[in-house]
Amino acid sequence: MPEKPKKIAIGVVVTLLVLATGIFALNYYIESKLKKEIAGLPNNIKIAYKAIEVNSLKGKLHFVNPQVSVYGKTTGTVNLKTELQSFTIDDVNYWDYLLNNKISIENIIFNQPKVTYYHNEEVKSKSYGNVFKNPFDKFIHIENLQINNGTIKVFNAPTDSLMLQSEKIDFKFSSVQIEKKSNKKSISYQNFSFYSTNLFYRLNTFDNLLVEHLTISPKTSKIKGLRIKTKYKKEQLSKLLSTERDHFDLSVDSLVVKNQDFGFKHDANFYFKSERVDFFAPDFDIYRDKLVSDDLTYKPLYSKMLRDIKFSLTLNKVILNDGKISYTEKVKEGTQGGKLEFSKLHAKIKNLSNTYKDTLTVINVSAIFMETTHIKVTWSFDVNTTTDAFLYKAELGTLAAQAMNQFMEPNLNVALKGIIDKTYFTISGNDRISQIDLKLKYDHFDVVVLKQNGKEENKFLSGLVNLFVSKDSKKDSGSFRYGSKTDVERDQTKSVFNYQWLNIKAGLLNAMTGDGKK
């Protein structure tokens with residue numbers, strides 16, 4: 001080989017060796033630096049790993065099977081434990097860092113993280129934040145941030161009971177930016193997607209929430225297999241209660257939230273908006289044991305409940321498709337309780353919100369009542385009216401009075417006979433007081449008062465009661481009897497449905513025992 005090309009070749013080889021040695025040395029330096037930083041963490045934070053792989057040429061850092069444990073400073077027990085198959089930071093832009101004082105990363109990937117967290121309500125949230133306080137004041141840009149096939153479990157530290165669990169979590173963010181604004185960290189992103197299966201969440205001491213599949217994107221959320229269920233059996237719950245509460249089982253085949261928007265206004269106030277929310281095949285089974293002591297706390301109407309929500313809620317339209325509701329109330333020992341049932345229930349709720357001004361929330365419901373007759377309801381109120389004024393209108397089709405006996409007999413020792421052909425009523429009122437106007441058409445109506453055993457008729461009391469009850473509404477050419485009652489007082493320790501029943505009972509009594517005239 002001629003001398004000159006030979007020198008060039010040797011120079012190239014030497015240069016490549018120097019570069020390779022430099023890259024190797026830089027990789028070794030970065031790896032050693034990382035190990036030193038990890039070793040120098042506070043005593044309550046432990047990080048272990050099988051290997052660290054550094055490629056400074058590609059700007060890549062890869063941890064193999066990293067494990068992070070955070071211990072309580074006072075208790076010495078584990079508060080947080082995370083184990084991953086791998087953790088990767090890929091394609092760090094050195095030039096952005098050197099020239100623009102900006103940290104730019106193409107990918108951050110958490111692969112198969114398993115997170116276990118022990119929640120302690122006595123530990124202030126600030127202390128958790130301080131553990132991982134971001135030491136950087138630089139602008140940070142991450143093009144892709146993702147979690148692949150993760151799981152999470154949250155336990156109540158004092159009792160070691162499960163509070164939250166979710167499997168197969170896939171979470172992706174794009175164009176994440178972290179910057180300091182007005183001495184606060186601001187986080188923004190362009191797009192995200194979230195998917196999880198088998199979600200469990202303990203709502204409170206008595207009830208759990210379960211979800212089979214959950215999918216969230218910026219504009220749409222979908223839930224499949226939603227269930228909220230009391231974790232105790234009915235009899236067991238009654239023994240645990242000091243005051244009455246509902247035992248319930250709510251299942252929803254699927255739920256779809258469309259054109260949603262959520263976030264924080266001024267980095268503080270949370271808001272949630274949606275153009276439309278659809279519930280498909282909701283099935284709600286409610287049981288109330290009235291033998292348990294009354295809960296005498298104040299029960300707000302729905303308008304006040306909406307008004308007092310701690311965040312901004314704006315749902316333009318909520319639709320219930322093909323739902324079912326059954327309510328069982330037990331007031332006497334030795335019975336299973338009386339039941340009221342609504343099936344083929346469809347509802348449209350407009351303006352379910354605490355952000356609108358001078359706009360009514362309107363609820364329209366149609367259903368089959370007691371498997372025999374149609375019922376239609378229109379219910380409206382203004383969430384901003386502090387008196388909680390409302391208007392409630394309903395109409396029922398032909399109802400065989402016997403259909404009500406499954407509720408009346410076990411609870412009230414009363415059975416009904418006859419046909420109610422049509423019923424209309426309007427209730428208007430507020431949180432304190434209301435009035436009802438009612439009209440109904442019925443035929444051959446009898447009230448049967450039962451003996452204490454709930455089986456045999458008490459003929460004397462039945463005859464006495466029926467002296468005051470008009471047998472039908474056809475004494476003259478007019479086919480309806482009218483009833484009304486003003487100044488119906490609400491028991492504010494009971495629900496809105498008890499308030500409705502007080503009105504209906506007063507209207508029916510006036511229509512059947514009064515002169516029946518408008």
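This chain uses plain numbering: 1 for the first residue, then up along the sequence.
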Taking the side chain from [X] and the backbone from [Y], do they hold a donor-acceptor pair closer than 3.5 Å?
{"X": "Asn321", "Y": "Phe279", "result": "yes"}
{"X": "Arg481", "Y": "Leu440", "result": "no"}
{"X": "Thr361", "Y": "Asn351", "result": "yes"}
{"X": "Ser274", "Y": "Arg276", "result": "yes"}
{"X": "Lys231", "Y": "Thr205", "result": "yes"}
{"X": "Lys299", "Y": "Thr493", "result": "yes"}
{"X": "Arg307", "Y": "Val383", "result": "yes"}
{"X": "His247", "Y": "Lys229", "result": "no"}
{"X": "Thr373", "Y": "Phe369", "result": "no"}
{"X": "Asp246", "Y": "Phe248", "result": "no"}

Just wondering, do [Y] and [X] contact through their side chains at under 4.5 Å, heavy atoms?
{"X": "Pro218", "Y": "Phe192", "result": "yes"}
{"X": "Ile436", "Y": "Thr426", "result": "no"}
{"X": "Leu80", "Y": "Val115", "result": "yes"}
{"X": "Arg202", "Y": "Ser161", "result": "yes"}
{"X": "Arg227", "Y": "Asp249", "result": "yes"}
{"X": "Phe272", "Y": "Ile309", "result": "no"}
{"X": "Pro158", "Y": "Asn156", "result": "yes"}
{"X": "Val256", "Y": "Phe280", "result": "yes"}

Salt bridge present between [X] and [Y] (N-O < 4.0 angstrom):
{"X": "Arg245", "Y": "Asp207", "answer": "yes"}
{"X": "Lys330", "Y": "Asp289", "answer": "no"}
{"X": "Glu489", "Y": "Arg432", "answer": "no"}

Practice prompt. Assess the side chains of Asn191 and Ser174: does a donor N or O sit below 3.5 Å from an acceptor N or O?
Written response: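 No, no side-chain donor-acceptor contact under 3.5 Å.
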Discussion item. Looking only at side-chain N and O atoms, does Thr220 offer a donor or acceptor that is under 3.5 Å from a partner on Gln260?
Written reply: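 There is no such pair between these side chains.
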[X] [atom1]: over 12 foreign heavy atoms closer than 6.0 Å:
{"X": "Tyr201", "atom1": "OH", "result": "no"}
{"X": "Lys422", "atom1": "NZ", "result": "yes"}
{"X": "Lys485", "atom1": "NZ", "result": "no"}
{"X": "His346", "atom1": "NE2", "result": "yes"}
{"X": "Lys290", "atom1": "NZ", "result": "yes"}

Discussion item. Using every non-hydrogen atom in the two residues, find where Ser303 and Phe381 come nearest and quote the distance to one decimal.
Written reply: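 So the minimum-distance heavy-atom pair works out to CB-CD1, 3.6 Å.
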Item to complete: Please lay out, stage by stage, how Leu240 and Tyr232 fare under the test side chain to side chain contact (heavy atoms under 4.5 Å, CB included).
Response: CA-CA 9 Å; Leu240 294 171; Tyr232 301 104; 3.6 Å; yes
Taking only distance into account, with no hydrogens and no angle test, what donor-acceptor pairs under 3.5 Å do side-chain atoms of residues 311-320 form with protein atoms, sequence neighbours excluded?
residue: Thr314; atom: OG1; partner: Thr355; partner atom: OG1; Å: 2.7
residue: Asn316; atom: OD1; partner: Tyr356; partner atom: OH; Å: 2.2
residue: Asn316; atom: ND2; partner: Glu275; partner atom: OE1; Å: 3.0
residue: Asn316; atom: ND2; partner: Glu275; partner atom: OE2; Å: 3.2

Practice prompt. Measure up the Trp379 and Tyr302 rings against each other and bin them: parallel (under 30°), tilted (30 to 60°), perpendicular (over 60°).
Written response: tilted
Item to complete: Evaluate the ring planes of Tyr118 and Phe155, with Trp represented by its six-membered ring, and classify them as parallel (under 30°), tilted (30 to 60°) or perpendicular (over 60°).
Response: parallel
By side-chain contact (heavy atoms from CB on, under 4.5 Å) - contacts of [X] (at least two apart):
{"X": "Gln435", "result": "Ser428, Asp437, Thr486"}
{"X": "Asp431", "result": "Tyr298, Leu301, Asp388, Arg490, Gln492"}
{"X": "Gln165", "result": "Lys153, Leu162, Glu167, Phe200"}

Fill in: Qualifying residues under salt bridge (Lys or Arg N to Asp or Glu O under 4.0 Å), relative to Asp294, sequence neighbours excluded
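Scan of Asp294 (salt bridge (Lys or Arg N to Asp or Glu O under 4.0 Å), adjacent residues dropped) gives none.
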Worksheet entry | Value rounded to 0.5 Å, distance of CD1 in Ile286 from OG1 in Thr328 |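 Taking CD1 in Ile286 and OG1 in Thr328, the distance rounds to 9.0 Å.
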Worksheet item: Roughly how far apart are Thr335 OG1 and Lys332 NZ, rounded to 0.5 Å?
Response: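 One finds 6.5 Å between OG1 of Thr335 and NZ of Lys332.
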Output a table of donor-acceptor pairs, distance under 3.5 Å, between side-chain atoms of residues 393-404 and any protein atom two or more places apart or on a different chain; print 'none' if there are none.
residue: Thr398; atom: OG1; partner: Asp421; partner atom: O; Å: 3.3

Worksheet item: Is Lys441 close enough and on-axis enough to Phe480, meaning under 6.0 Å and within 45°, for cation-pi?
Response: yes
Worksheet entry | Ring centre gap for Phe173 and Phe171 strictly below 6.0 Å | yes
